[in-house]
Participant: 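Just passing along the structure, written as structure tokens.
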Amino acid sequence: MKVLGIVPSSTDLKWALLEGTSSAPCILPLPSKSQRLPVDACEGHALLSLQRLLTTFFVEQGVEHICILQAGTSQFRGPSTSRVKAEGIIQLVGAELNLPTNLVSSQALRAKERRFENITGGSPESVFYQGSDFTPQAWRDAVLVGWWGLES
């Protein structure tokens, strides 16, 4: 099963495509690890552009399951409206394509991440990157969100 882990921010989406099982995960190559959110004078047009882009991307990459890191509160009293809207568009595209789509809370992700080494036999860096650090941190989270969606 191909699971796409997505971490939206107010300006872009970080993503990672994984397959395998939670005990033997594998990152699949993608043309890029992120996508800037479309900018348009009209926010409606920008959201429509994002919907079209994601629909094409999900189909081209053969995505079978989508996991999104859910927006939480921030130092500014809540998630950015752009991030929440991007989450909504991702969910709509998933529904349109009949793809299971899950919102993953940061608490649930961190709880499962603490069990990563017991499940896979190594740290995320050693399992996915031969010990190298992930850059940026949001991409590491996207990989873990995708791993969260893999079956045991």
Participant: Yes or no on side-chain contact (heavy atoms from CB on, under 4.5 Å) for V3 and M1, after CA distance, side-chain angles and deciding distance?
Facilitator: CA-CA 6 Å; V3 179; M1 171 180 292; 4.0 Å; yes
Participant: Below 4.5 Å, heavy atoms only, C-beta onward: do T11 and L37 meet side chain to side chain?
Facilitator: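 No; the side chains remain at least 4.5 Å from each other.
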Participant: Yes or no on side-chain contact (heavy atoms from CB on, under 4.5 Å) for D141 and R110, after CA distance, side-chain angles and deciding distance?
Facilitator: CA-CA 10 Å; D141 287 345; R110 297 302 168 222; 3.0 Å; yes
Participant: Can you name the closest pair of heavy atoms from P124 and R140 and give their distance?
Facilitator: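 For P124 and R140, the tightest heavy-atom pair comes out as CG-NH2, 3.4 Å.
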Participant: Side-chain contact, heavy-atom cut-off 4.5 Å: N102 with I68?
Facilitator: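 A side-chain contact under 4.5 Å is absent here.
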Participant: What verdict does the side-chain hydrogen bond (donor to acceptor under 3.5 Å, both in side chains) test give for S32 and S34, after you've listed the backbone C-alpha separation in whole Å, the side-chain angles of each residue and the deciding distance to 0.1 Å?
Facilitator: CA-CA 6 Å; S32 70; S34 65; 5.3 Å; no
Participant: Could you check Q51 against L47 for side-chain contact (heavy atoms from CB on, under 4.5 Å), going step by step and ending with a plain yes or no?
Facilitator: CA-CA 6 Å; Q51 180 212 10; L47 293 171; over 6 Å; no
Participant: What are the two closest non-hydrogen atoms of S82 and S10, and how far apart are they?
Facilitator: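 Smallest heavy-atom distance, with atoms named: CB-O, 3.6 Å.
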Participant: How far does CD of E96 sit from CD1 of I89, to the nearest 0.5 angstrom?
Facilitator: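 Between atom CD of E96 and atom CD1 of I89 there are 10.0 Å.
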Participant: Roughly how far apart are S123 OG and D133 CG, rounded to 0.5 Å?
Facilitator: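 Going from the OG atom of S123 to the CG atom of D133 covers 9.0 Å.
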Participant: Within the distance-only criterion (no hydrogens, no angle test), does the side chain of E87 pair as donor or acceptor with the backbone N or O of A71 below 3.5 angstrom?
Facilitator: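 Indeed, once roles are kept as given, a pair shorter than 3.5 Å links the two residues.
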Participant: Who passes side chain to side chain contact (heavy atoms under 4.5 Å, CB included) against K2, sequence neighbours left out?
Facilitator: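 By the side chain to side chain contact (heavy atoms under 4.5 Å, CB included) rule, K2 matches L17, E19, L28, E64.
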Participant: Examine K33 relative to W139 and say whether NZ or CZ is less than 6.0 Å from the centre of the six-membered ring and inside a 45° cone about the ring axis.
Facilitator: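 Flagged: K33 positioned over aromatic ring of W139.
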Participant: Judged by atom type as modelled, is there a donor-acceptor pair below 3.5 Å linking the side chain of W148 to the main-chain atoms of C67?
Facilitator: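 Pair absent, no side-chain N/O of W148 close to backbone of C67.
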Participant: Quick check: does any side chain N or O of T101 sit under 3.5 Å from a backbone N or O of L99, one acting as donor and the other as acceptor?
Facilitator: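 Side chain of T101 to backbone of L99: a pair is present.
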Participant: Who passes side chain to side chain donor-acceptor pair (under 3.5 Å) against K85, sequence neighbours left out?
Facilitator: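 Applying side chain to side chain donor-acceptor pair (under 3.5 Å) to K85 gives E43.
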Participant: Over 60° means perpendicular and under 30° means parallel, so classify the ring planes of Y129 and F134, tilted if in between.
Facilitator: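 Ring orientation, 0 to 90° scale: parallel.
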Participant: Could you tell me whether a side-chain N or O of R36 sits under 3.5 Å from a main-chain N or O of D12, the two making a donor and an acceptor?
Facilitator: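 No; judged by distance alone, with no hydrogens or angles, the pair does not exist.
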Participant: Run the numbers on I90 and I66 for side-chain contact (heavy atoms from CB on, under 4.5 Å), then give the verdict.
Facilitator: CA-CA 9 Å; I90 296 165; I66 303 165; 3.9 Å; yes
Participant: In the structure I gave you, are the side-chain heavy atoms of L18 and F128 within less than 4.5 Å of one another anywhere?
Facilitator: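 Sidechains of F128 and L18: in contact.
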Participant: S126 side chain to G122 main-chain N or O, any donor-acceptor pair under 3.5 Å?
Facilitator: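 The answer is no, because no donor-acceptor pair under 3.5 Å joins these two groups.
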Participant: Before we go on, tell me: are the rings of F57 and W15 under 6.0 Å apart, centre to centre?
Facilitator: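 For F57 and W15, the ring centres are under 6.0 Å apart.
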